[in-house]
Peer 1: 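Quick one: the structure is below, and I'll ask about it shortly.
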Amino acid sequence: MKERGKAIVVGWDFSEYSKLALDHALFYSYQTNMKICLVHIIKRKSDTDIVSVELQKVVDQVYQSRGKHIEMMVRHGNVSEGLSSAAKEISAAVIFIGTHGVQGIQNYIGSHVLRIIMDSAIPFVIVQAPREKHTQFSVVCPIDSRKESKEVLYWVAYLAQVLGAKISLVYPEYKTQTRILRTKANVNFSKHYLGDCRVKYEEVKLSSKRFNNAIVQYAKKKHADLILTITNRQPKVQYLFSASKIQYLIANKEKIPVLCVNPRKDLWIYGAYK
């Protein structure tokens, strides 16, 4: 986080879910010494002053209760562009948002949260529930046959070094030879990468059948504090009408926080990521 940004953005809408996002963000802020900025998006510019007064109350309350100075921003426009623009403006490393999951028709056309994430070059942490306090921070990192899946490794190494996180590297046990070879190559790369970073990890095979469900159940078993995932680089129309991996993980029924990373095309000019 520190190398790719110097702040944490929290998407704020005065809901209980945004409060959950702030609580999670505060934990990371204390561990990394990065500042926090609450960003509220309004539809009408005329609401700016009223919202700013209410947002300042939140900032003051956090200082009084947690002793933490945080910043705030009010932006006009749509949520996706507003959050991303604010995050870029302050060189944010990550954006935290709270959600109640995917419901009803959104299961088929893509949740609002998913659309926001897909438009951002900055990673998102999605939270659904209060942060659980464990003696050791635990991270589950899925690696599959997609070459992009290796891009979460930077965050794995960072969390391991800064938070002393326990890392579980999980991958599907495919049946087809092509996927087996691609997954094996990605896993080997991941092991070498983490080894070079002096990160300890455990390596776990999971069933490729309903792999996403297996990831969540394993994370639950390990009392994981975070699941990492990579989004699809170029989502297709039909992708929005299917039970996508990222959408399933975001709305996982165990309400485990998820760090979502969009693939960065600039990384693929380097041989190490090919």
Side-chain angles (χ1 to χ4, degrees), residues 114 117-118 123-126 134 136-161 163-236 239 242-265 267-268 270-274:
L114 179 58
I117 293 170
M118 297 300 291
F124 273 75
V125 174
I126 314 301
H134 300 136
Q136 184 177 21
F137 197 86
S138 176
V139 174
V140 172
C141 175
I143 297 293
D144 56 29
S145 59
R146 297 172 298 165
K147 63 181 181 181
E148 295 93 341
S149 68
K150 301 191 295 292
E151 291 188 37
V152 298
L153 294 174
Y154 170 90
W155 296 94
V156 172
Y158 180 83
L159 293 169
Q161 293 165 357
L163 302 180
K166 183 177 181 180
I167 307 300
S168 294
L169 201 63
V170 302
Y171 57 94
E173 196 168 14
Y174 289 120
K175 303 299 181 181
T176 61
Q177 191 65 18
T178 300
R179 281 192 165 185
I180 290 174
L181 293 176
R182 287 178 180 175
T183 301
K184 183 178 180 180
N186 287 343
V187 170
N188 286 338
F189 176 92
S190 302
K191 292 162 65 174
H192 286 300
Y193 183 96
L194 295 179
D196 289 341
C197 295
R198 298 181 180 179
V199 172
K200 294 182 179 180
Y201 60 90
E202 63 177 349
E203 177 184 346
V204 181
K205 283 185 180 181
L206 299 176
S207 172
S208 61
K209 186 177 182 180
R210 300 185 67 188
F211 182 50
N212 302 314
N213 183 66
I215 293 171
V216 173
Q217 292 306 312
Y218 178 80
K220 176 185 178 182
K221 177 182 176 182
K222 300 297 290 186
H223 302 288
D225 296 280
L226 191 67
I227 296 174
L228 278 70
T229 189
I230 197 81
T231 64
N232 283 4
R233 181 185 294 180
Q234 296 178 335
K236 300 178 181 180
Y239 169 79
S242 64
S244 64
K245 293 181 179 180
I246 181 64
Q247 186 164 296
Y248 177 87
L249 291 177
I250 286 175
N252 72 81
K253 295 180 180 180
E254 302 302 331
K255 298 184 177 181
I256 300 169
V258 181
L259 172 62
C260 307
V261 180
N262 274 330
R264 294 175 55 198
K265 293 181 180 179
L267 288 180
W268 299 96
Y270 301 105
Y273 272 94
K274 293 182 180 179

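The basis for the numbers below is simple: all heavy atoms, side chains too, and nothing from hydrogens, waters or symmetry mates.
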Peer 1: Please check if the side chain of H134 supplies one atom and the backbone of H223 the other of a donor-acceptor pair under 3.5 Å.
Peer 2: yes

Peer 1: Looking only at heavy atoms, what is the nearest atom pair of D144 and N186, with distance?
Peer 2: O-ND2, 2.8 Å

Peer 1: What's the separation between atom CD1 in I250 and atom CD1 in I227, rounded to the nearest 0.5 Å?
Peer 2: 11.0 Å

Peer 1: Could you grab the distance from atom CD of E173 to atom NZ of K209, nearest 0.5 Å is fine?
Peer 2: 14.0 Å

Peer 1: Please find the pair of heavy atoms, one from C260 and one from I126, that lie closest to each other, and give the distance.
Peer 2: SG-CG1, 4.0 Å

Peer 1: Could you report the tightest heavy-atom contact between T183 and P172, atom names first, then the distance?
Peer 2: CG2-O, 4.1 Å

Peer 1: What pairs meet the side chain to side chain donor-acceptor pair (under 3.5 Å) rule with one or both residues in residues 196-207, with sequence neighbours excluded?
Peer 2: S168-E202, Y171-E203, K191-E203, E202-Y218, E202-K222

Peer 1: Heavy atoms, side chains only, cut-off 4.5 Å: are L228 and V261 in contact?
Peer 2: no

Peer 1: Would you mind telling me which of V258, I256, L163, L159 makes a side-chain contact (heavy atoms from CB on, under 4.5 Å) with L226?
Peer 2: L159

Peer 1: What distance separates R182 CZ from T176 OG1, expressed to the nearest 0.5 Å?
Peer 2: 9.0 Å

Peer 1: What distance do R179 atom CZ and S145 atom OG have between them, rounded to the nearest 0.5 Å?
Peer 2: 5.0 Å

Peer 1: Hey, what do you get for CD1 (I167) to CG (L153), rounding to the nearest 0.5 Å?
Peer 2: 10.0 Å

Peer 1: List in chain and number order the residues that pass side chain to side chain contact (heavy atoms under 4.5 Å, CB included) with Q136, two or more places apart in sequence or in another chain; answer none if no residue qualifies.
Peer 2: K166

Peer 1: Any side-chain to backbone donor/acceptor pair from N252 onto L249? Under 3.5 Å, distance only.
Peer 2: yes

Peer 1: Taking all non-hydrogen atoms of both residues, which atom of I230 and which atom of R146 are closest, and how far apart?
Peer 2: CG2-NH2, 3.2 Å

Peer 1: Enter the distance from K253:NZ to K220:NZ here, rounded to the nearest 0.5 Å.
Peer 2: 11.5 Å

Peer 1: Look at the aromatic rings of Y158 and W155 and report parallel, tilted or perpendicular, splitting at 30° and 60°.
Peer 2: perpendicular

